[in-house]
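Below: one structure, written as structure tokens.
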Amino acid sequence: MLASLLFMITATVLCMLGLMEIYFPEWFSWHELLMQSYPNLYMYQYHIGLGQILVGGLLIWPAIRFHKHFALGYLELAFRIGLAVMFIGAALFKIHNPKEFALLVTQYLFLPSFTVNLFALLMPAAEFIFGILLLIGPKTKENAFMISAMMVSFIIALASAVYRDLGIVCGCFVGLQGAQDKSEAVVSMIRDIILMAPLVFLCTRPNRYLWQVWKK
Amino acid sequence: LEKEYQAIFSKNNNVLQKMRKVANFFVNNRGIALPEGCKFLFYAWGFIMNIQNALKSLNWKYLGLVLGLVFLFAIINNIRQPEERAVQWIGSQEILQEPEGF
């Protein structure tokens with residue numbers, strides 16, 4: 001079990017580092033150095049970050065081989081906390097300012113115009129409540145299923161925007177000022193597709209509270 | 001053959017496992033050359049059946065209750081917002097122009 005724990009902790013640290021590398025590259029000392037030395041090395045942080053996440057993901061396999069029950073419980077705990085924090089964090093600015101979120105949703109040109117405001121009010125509320133329930137509620141399967149359904153809708157909307165070359169910001173975590181360039185929609189879509197894997201895993205887990213993940 | 005059949009359709013296997021075993025039974029054990037596409041269809045059917053089973057196992061009353069809570073939360077949130085941040089329930093916002101050089 002100790003070996004399994006060590007592998008899982010290493011995997012968690014690597015995945016966290018990968019995520020920080022992707023979203024906050026300026027925190028790392030090599031960011032400025034790389035950008036000055038290789039200005040054409042566009043979006044290098046995605047390659048490094050995804051590499052770290054991939055290595056972290058591969059470490060899960062030996063952890064499961066050492067102690068399957070412990071490793072799967074650990075994975076459930078980490079995914080539930082990570083996804084819940086992400087969804088609650090993403091919902092906060094949308095709940096705080098529904099008008100700005102409705103403006104962002106409008107730019108997708110995806111929903112019929114009369115439903116945009118309704119969607120902009122209901123979606124953040126659903127993200128917030130299902131995020132909290134995923135964290136503390138006993139119905140893991142149902143909550144993960146609803147979050148997966150939301151994630152699929154995000155992927156479809158982003159794919160439609162990328163296909164039509166709309167050049168919009170994702171609108172997942174920050175408001176309108178967050179737009180940097182057109183590739184952000186592609187990156188957000190890839191992120192959402194990757195995030196489907198832990199959600200599908202959670203859909204297969206039995207219903208129980210967060211503190212009961214290792215209960216047999 | 002009967003034993004193999006029982007192993008495939010025993011209660012211990014879920015639908016996806018059953019379909020995989022049926023496909024492998026034809027493809028590997030009996031030397032019957034099913035085209036690859038056909039094998040894929042077996043797997044796809046098993047996957048769809050698995051999703052169907054998973055949907056049946058969900059507690060829809062609980063989901064309905066939480067969705068009711070979501071509606072309530074959204075209504076209260078929109079009411080408590082100041083006018084510059086609140087939106088009409090039915091409607092949309094203006095479509096912005098893309099900034100130059102974006």
Side-chain angles (χ1 to χ4, degrees), chain A residues 91 93-109 111-130 132-134 137-139 141-146 148-150 165-169 176 179-184 200 203-204 206-207, chain B residues 11-20 43-102:
Chain A
F93 100 88
K94 300 168 193 169
I95 289 170
H96 180 66
N97 195 342
K99 196 163 196 171
E100 190 177 352
F101 183 55
L103 194 63
L104 275 163
V105 175
T106 309
Q107 311 314 312
Y108 276 84
L109 307 175
L111 293 170
S113 58
F114 66 95
T115 61
V116 169
N117 287 352
L118 189 68
F119 177 85
L121 285 168
L122 290 176
M123 182 56 83
E127 281 181 1
F128 187 70
I129 288 176
F130 279 106
I132 288 177
L133 287 174
L134 186 69
K139 303 273 185 194
K141 205 185 281 183
E142 278 79 6
N143 298 329
F145 169 75
M146 279 310 290
S148 310
M150 282 189 255
D165 197 24
L166 289 181
I168 53 171
V169 64
L176 278 171
Q180 298 296 326
D181 58 47
K182 281 187 176 182
S183 65
E184 274 193 15
V200 170
C203 285
T204 64
N207 284 343
Chain B
K11 282 180 182 174
N12 296 330
N13 295 332
N14 63 26
V15 178
L16 186 63
Q17 284 166 333
K18 277 176 196 160
M19 296 319 299
R20 273 198 187 132
Y43 291 161
W45 184 40
F47 184 67
I48 289 166
M49 295 299 284
N50 237 20
I51 291 175
Q52 205 178 0
N53 281 356
L55 288 179
K56 274 182 194 168
S57 74
L58 291 175
N59 186 343
W60 290 97
K61 276 184 188 169
Y62 166 80
L63 286 178
L65 199 73
V66 179
L67 285 177
L69 198 68
V70 165
F71 264 93
L72 200 67
F73 185 97
I75 290 168
I76 293 168
N77 185 42
N78 201 30
I79 290 170
R80 75 168 187 93
Q81 295 290 344
E83 203 166 313
E84 67 272 12
R85 291 207 301 254
V87 291
Q88 298 288 320
W89 279 92
I90 306 295
S92 179
Q93 307 292 320
E94 76 270 29
I95 298 165
L96 302 175
Q97 288 299 312
E98 209 173 274
E100 277 187 33
F102 186 72

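- Both the backbone and the side chain of B:Gln88 come within less than 4.5 Å of a heavy atom in chain A.
- Counting heavy-atom pairs closer than 4.5 Å to chain B, the top residue among A:Asn117, A:Thr106, A:Val116 is A:Asn117.
- Contact of A:Phe114 with chain B is made through backbone and side chain together, with heavy-atom distances under 4.5 Å.
- Heavy-atom minimum distance, A:Ala144 versus A:Ser148: O-OG, 2.6 Å.
- When heavy atoms are compared at a cutoff of 4.5 Å, A:Leu118 approaches chain B by way of both its backbone and its side chain.
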May I have the step-by-step check of side-chain contact (heavy atoms from CB on, under 4.5 Å) for A:Phe130 and B:Leu69, ending in yes or no?
CA-CA 10 Å; A:Phe130 279 106; B:Leu69 198 68; over 6 Å; no

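- Contact of A:Phe101 with chain B is not made at all, since no heavy-atom distance falls under 4.5 Å.
- Contacts between A:Phe119 and chain B at a heavy-atom distance below 4.5 Å are absent for every atom of the residue.
- Closest approach of A:Glu142 to A:Asn207, counting heavy atoms only: OE1-ND2, 3.2 Å.
- For the set A:Ser113, A:Ala126, A:Cys203, the count of heavy-atom pairs under 4.5 angstrom toward chain B peaks at A:Ser113.
- The residue among B:Ile90, B:Val70, B:Leu72, B:Val66 with the most heavy atom pairs within less than 4.5 Å of chain A is B:Val70.
- Of the possible donor and acceptor atoms, one in the side chain of B:Gln81 sits under 3.5 Å from a partner among the backbone N and O of A:Ile95.
- With a 4.5 Å cut-off on side-chain heavy atoms, A:Lys139 and A:Leu133 do not count as touching.
- For a residue to count as touching a neighbouring chain, one of its non-hydrogen atoms must lie under 4.5 Å from one of that chain's; by this rule A:Leu111 does not touch chain B.
- Proximity to chain A (any heavy atom under 4.5 Å) is shown, for B:Asn59, by both the backbone and the side chain.
- Scanning all heavy atoms of the two residues, the minimum distance from B:Val87 to A:Lys99 falls at CG1-CA, 3.5 Å.
- Nearest approach of A:Leu121 to B:Ala74, heavy atoms of both residues: O-CB, 3.5 Å.
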